[in-house]
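To start, the structure under review is shown below, and the notes come after it.
The figures that follow rest on heavy atoms only: side chains count, while hydrogens, waters and symmetry mates do not. Naming: A, B, ... by sequence-line order, numbering from 1 per chain.
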There are 2 protein chains.
Amino acid sequence: MRRKVTLKQIAKELDVSISTVSKSLRDSPEISEDTRLKVQAFAKLYNYKPNNIALSLKNKKTKTIGIIIPEIVHHFFATVISGIEQVANECGYNVIVCLSDESFDKEVINMEMLANGSTDGFIMSLSKETQQKKDFHHLQEVINQGMPVVLFDRISNDILCDKVIIDDQLAAYEATNFLISKGLKKIALLTTVDYVSVGKLRTDGYLNVLHDHGIEVDESLIIRIEDTEHCDEKINELLENKSVDAILAVNELFAVTAIKLAMSKGIKIPEDLSVVAFTDGIISKYSTPTITTISQNGIKMGRKAAEMLIKRLELEDEEDEHYKTEIIETNLIIRESTKS
Amino acid sequence: MRRKVTLKQIAKELDVSISTVSKSLRDSPEISEDTRLKVQAFAKLYNYKPNNIALSLKNKKTKTIGIIIPEIVHHFFATVISGIEQVANECGYNVIVCLSDESFDKEVINMEMLANGSTDGFIMSLSKETQQKKDFHHLQEVINQGMPVVLFDRISNDILCDKVIIDDQLAAYEATNFLISKGLKKIALLTTVDYVSVGKLRTDGYLNVLHDHGIEVDESLIIRIEDTEHCDEKINELLENKSVDAILAVNELFAVTAIKLAMSKGIKIPEDLSVVAFTDGIISKYSTPTITTISQNGIKMGRKAAEMLIKRLELEDEEDEHYKTEIIETNLIIRESTKS
DNA sequence: AAACCTTTCGAAAACGTTTTCGTGTTGAAA
DNA sequence: TTTCAACACGAAAACGTTTTCGAAAGGTTT
């Protein structure tokens with residue numbers, strides 16, 4: 001077993017100083033060509049590679065980005081990571097991933113863990129619990145220490161930092177508008193509880209468009225689903241007791257569940273019921289019928305977030321304090337679940 | 001902006017030595033209660049937390065696990081990461097994720113990057129290209145340096161290290177057997193090219209069971225799909241030219257594609273065609289009809305891999321050299337795509 | 001021959017810890 | 001009064017780098 005070789009060992013072996021070895025390997029003009037080549041040859045032979053930890057300590061830069069997200073077994077979040085990783089890779093950064101599991105405490109612990117030197121900055125999406133508690137001291141702490149943070153998707157206006165989101169409200173507005181344009185009027189909304197920021201915004205968009213079209217809002221058509229546990233139950237109730245001709249769902253899962261339940265009741269899609277969902281994930285593409293969705297380009301979101309973070313990291317000198325919020329455009333991907 | 005406080009700063013502020021501060025915070029009996037309490041109070045006030053990088057350098061342990069996988073936008077791999085993260089979290093480890101993108105070069109680069117001190121060990125699944133080239137020098141290198149490696153799912157017998165897999169061959173055997181037990185005979189196989197280890201094993205299992213039942217193998221029923229590009233095309237060809245009554249697919253995507261194409265041709269599922277797929281992912285659960293699958297418990301796989309790696313890390317002293325291969329059990333989840 | 005410049009290298013500090021060892025002070029025992 | 005243990009603390013090394021500065025050696029200019 002050949003352990004990794006260090007500068008010190010090379011220096012000893014060649015009977016020169018550590019400085020000389022270091023300089024030789026960095027092609028310093030201070031060193032004569034003779035020794036430089038000798039050292040380089042030796043280093044190559046022993047496959048010398050500088051130790052990242054030592055470099056991090058010296059440079060006070062880890063070249064590592066901390067990602068904290070609620071969960072990873074989730075198509076959207078996976079695509080975001082993928083996007084982040086692409087950019088990180090291009091720029092010589094690594095990513096270290098932590099999962100909050102939708103728990104406030106875990107989010108805090110992970111953050112404190114990584115903030116103690118492990119990463120140069122953070123890219124994160126808030127856990128449900130954090131959004132509910134509205135307690136962002138851990139983020140503030142980190143930001144105060146001068147570490148850049150970029151929030152995506154599940155953000156909060158109470159935190160001053162860079163952000164990247166889609167225009168949830170506008171997207172919901174447009175999607176609902178699309179349904180209305182097809183002559184549909186009784187449009188139900190399957191959404192989350194209001195403390196989830198994106199759920200709230202999407203609900204607002206839905207409400208606005210109804211208002212703008214002079215359609216009266218029927219509160220009983222708005223189903224707020226807390227956990228996926230009672231998802232079936234609540235949707236069943238809707239389908240049985242109300243006559244709806246369209247559904248806007250804030251995620252794929254709600255949509256596909258609604259479609260399945262509807263079909264089992266003999267309701268034809270899209271003839272009797274049109275369905276549009278947020279998040280253009282794997283389910284929408286492969287379910288039967290395929291589902292019309294609002295694309296939420298995770299890759300692009302991840303890439304943008306990474307670009308913003310790295311830009312801050314490399315420009316560290318004078319902190320702009322001029323935080324930006326980037327909006328990733330969405331578009332409606334029309335598939336089989338909506339009337340044409 | 002309050003930067004993180006160090007031992008040195010505390011020492012200076014309290015006019016004691018760095019050693020005293022360090023010892024006080026670690027409750028050393030060498031220090032009088034007076035100063036100990038004083039230091040601790042001060043440290044708490046300034047929210048002192050030891051710097052991970054410095055600790056890593058000193059202890060030569062990073063408490064970090066490197067994960068290298070082909071892609072992350074993939075339900076199975078995401079679940080594995082989730083499993084790894086669970087155990088890592090319980091044991092005070094972090095995970096740093098790199099994607100090879102199925103590229104040999106990227107796999108090598110990522111590995112060398114992380115091997116220079118960034119992680120204590122690796123958990124990985126080989127890229128297609130690596131499996132094709134059969135070039136594992138980067139893994140050997142790392143193993144020779146004394147870093148533990150755990151391979152999962154896409155492994156190679158040429159590498160001596162811990163592994164965790166499912167019994168692909170047995171699972172394929174049993175799944176096919178299940179189809180045969182339903183009286184089905186003309187069973188097609190949708191698989192990958194042979195250099196992908198799991199594809200090969202699953203194919204072997206399929207072949208074995210046919211042989212054991214005295215069913216002649218019809219090579220034209222075995223479709224080897226290289227990339228998802230020509231997936232549709234090849235499956236169409238099969239469905240049109242051959243009369244098949246069952247399909248075994250080595251992944252969900254092939255299965256759902258086949259089902260969609262079949263249904264579009266008026267073939268009824270499962271009446272005319274039964275379909276079983278590997279990988280119990282999100283598609284199988286939500287497609288219509290839902291798909292009978294071989295569960296491939298990624299969470300369990302990830303957990304096991306992490307346990308094996310961490311065990312080696314903590315027992316570092318005498319290297320056992322006694323490498324184990326853990327088999328994660330699979331089971332058939334029967335859904336709507338197969339005759340009952 | 002003196003002064004000076006170049007070339008080439010090494011010592012040491014710095015990053016933030018932990019830990020070993022040494023040392024000065026105090027009080028008690030001889 | 002001397003000796004010794006206990007106590008409380010500090011200096012320094014170590015982990016592996018990079019970089020600044022100083023210095024020796026040699027050569028060139030006056």
Side-chain angles (χ1 to χ4, degrees), chain A residues 3-40 42-43 46-64 113-120 145-146 316, chain B residues 3-40 42-43 46-64 113-120 145-146 316:
Chain A
R3 276 241 133 76
K4 287 206 85 65
V5 64
T6 69
L7 287 186
K8 192 194 275 198
Q9 289 164 29
I10 299 182
K12 194 172 177 184
E13 210 68 32
L14 295 179
D15 205 39
V16 293
S17 77
I18 297 180
S19 337
T20 304
V21 178
S22 175
K23 288 173 191 165
S24 297
L25 295 177
R26 324 196 89 245
D27 281 323
S28 159
E30 278 186 50
I31 305 297
S32 71
E33 193 173 349
D34 260 19
T35 48
R36 188 160 50 78
L37 293 180
K38 188 177 64 178
V39 171
Q40 290 181 350
F42 192 90
Y46 281 87
N47 191 28
Y48 170 80
K49 295 276 167 50
N51 180 299
N52 287 331
I53 297 291
L55 285 180
S56 296
L57 185 59
K58 178 126 202 29
N59 301 333
K60 292 170 147 291
K61 302 227 165 167
T62 60
K63 292 289 233 171
T64 301
M113 178 106 219
L114 297 188
N116 296 321
S118 300
T119 63
D120 296 339
Q145 282 170 15
E316 186 120 46
Chain B
R3 276 241 134 75
K4 286 206 88 65
V5 64
T6 69
L7 287 186
K8 191 194 275 197
Q9 289 164 27
I10 299 182
K12 193 171 177 185
E13 211 67 31
L14 295 180
D15 205 40
V16 292
S17 78
I18 296 180
S19 338
T20 304
V21 178
S22 175
K23 288 173 191 165
S24 297
L25 295 177
R26 324 197 89 245
D27 280 324
S28 158
E30 277 186 54
I31 305 297
S32 71
E33 193 173 347
D34 259 20
T35 47
R36 188 159 49 81
L37 293 180
K38 188 177 62 180
V39 171
Q40 290 180 350
F42 192 90
Y46 281 87
N47 192 28
Y48 169 79
K49 296 276 166 52
N51 180 299
N52 289 330
I53 298 291
L55 285 180
S56 296
L57 185 59
K58 179 126 201 30
N59 302 332
K60 293 170 145 290
K61 302 227 166 169
T62 60
K63 291 292 232 170
T64 300
M113 178 106 219
L114 297 188
N116 297 321
S118 300
T119 63
D120 296 339
Q145 282 170 14
E316 186 122 45

Among D:dG10, C:dT18, D:dT19, which is the nearest nucleotide to the side chain of B:Leu7? C:dT18

Quick check for you: among D:dT17, C:dT17, D:dC15, whose closest atom lies nearest to any side-chain atom of A:Lys8? D:dC15

Taken to the nearest whole Å, CD1/B:Ile18 to P/D:dG10 is 11 Å

Can you tell me how far P of C:dA13 sits from CG of A:Asn59, to the nearest Å? 20 Å

Are any of B:Ser32's side-chain N or O atoms less than 4.0 Å away from OP1 or OP2 of D:dA8? no

Round to a whole Å and report the spacing from CD1 of A:Ile31 to P of D:dT18. 13 Å

Between A:Val21 and the options A:Leu14, A:Thr6, A:Val16, A:Ile31, the side chain to side chain contact (heavy atoms under 4.5 Å, CB included) test singles out A:Val16

Donor-acceptor contact present, side-chain B:Asn59 to main-chain B:Lys61, <3.5 Å: no

Closest listed nucleotide, where the reference is the side chain of A:Thr6 and the choices are D:dG16, C:dT18, D:dG10: D:dG16

Which one, C:dT18, D:dT17, D:dG10, comes nearest to the side chain of B:Leu55? C:dT18

Check every atom of C:dT18, C:dC15, C:dT8 against the side chain of A:Lys58 and return the nucleotide holding the closest atom. C:dC15

Is there a side-chain contact between B:Lys60 and the phosphate of D:dA14, meaning an N or O under 4.0 Å from OP1 or OP2? no

Please name the pair of heavy atoms, one in A:Asp27 and one in A:Arg36, separated by the smallest distance, quoted to 0.1 Å. OD1-NH1, 3.4 Å

Would you say that B:Ile10 contacts B:Val5 through its side chain, given a criterion of any heavy-atom pair below 4.5 Å between the two side chains? yes

How close or far is atom P of D:dA11 from atom CG of B:Asp15, stated in whole angstroms? 11 Å

Please state whether the phosphate of D:dA8, meaning OP1 or OP2, lies under 4.0 angstrom from any side-chain nitrogen or oxygen of B:Thr20. no

Please evaluate the base of D:dA11 for a donor-acceptor partner in the side chain of B:Ser19 within a cut-off of under 3.5 Å? yes

Nucleotide nearest A:Leu57 (side chain, heavy atoms from C-beta), chosen from D:dG16, C:dT8, C:dT19: D:dG16

In whole angstrom, what separates A:Lys12's NZ from D:dG16's P? 13 Å

Identify which nucleotide among D:dG10, C:dT8, C:dT19 has an atom closest to any side-chain atom of B:Arg26, counting heavy atoms from C-beta outward. C:dT19

Return the nearest nucleotide to the side chain of A:Lys23; candidates are D:dA8, C:dA11, C:dT17. C:dA11

Take atom CG of B:Asp34 and atom C1' of D:dC7, then tell me their distance rounded to the nearest Å. 13 Å

Give one of base, sugar-phosphate or nothing for B:Thr35, where a contact means two heavy atoms less than 4.0 Å apart. sugar-phosphate

Nearest-angstrom distance from the residue atom CD1 of B:Ile10 to C1' of C:dT17: 12 Å

Please report the distance, rounded to the nearest Å, between CG in A:Asp27 and C1' in D:dT19. 16 Å

Would a distance-only check, ignoring hydrogens and angles, find a side-chain to backbone donor-acceptor pair under 3.5 Å from A:Asn52 to B:Leu114? no

Identify the two heavy atoms, one from B:Gly117 and one from B:Thr62, that lie closest to each other, and give their separation to 0.1 Å. O-CG2, 2.9 Å

Candidate nucleotides D:dG16, D:dC9, C:dT17, ranked by approach to the side chain of A:Asn51 - the nearest: D:dG16

Is there a side-chain contact between A:Ser22 and the phosphate of D:dT18, meaning an N or O under 4.0 Å from OP1 or OP2? yes

Whichever of B:Ser17 and A:Pro50 has the more 5' nearest nucleotide on DNA chain D, that residue is B:Ser17

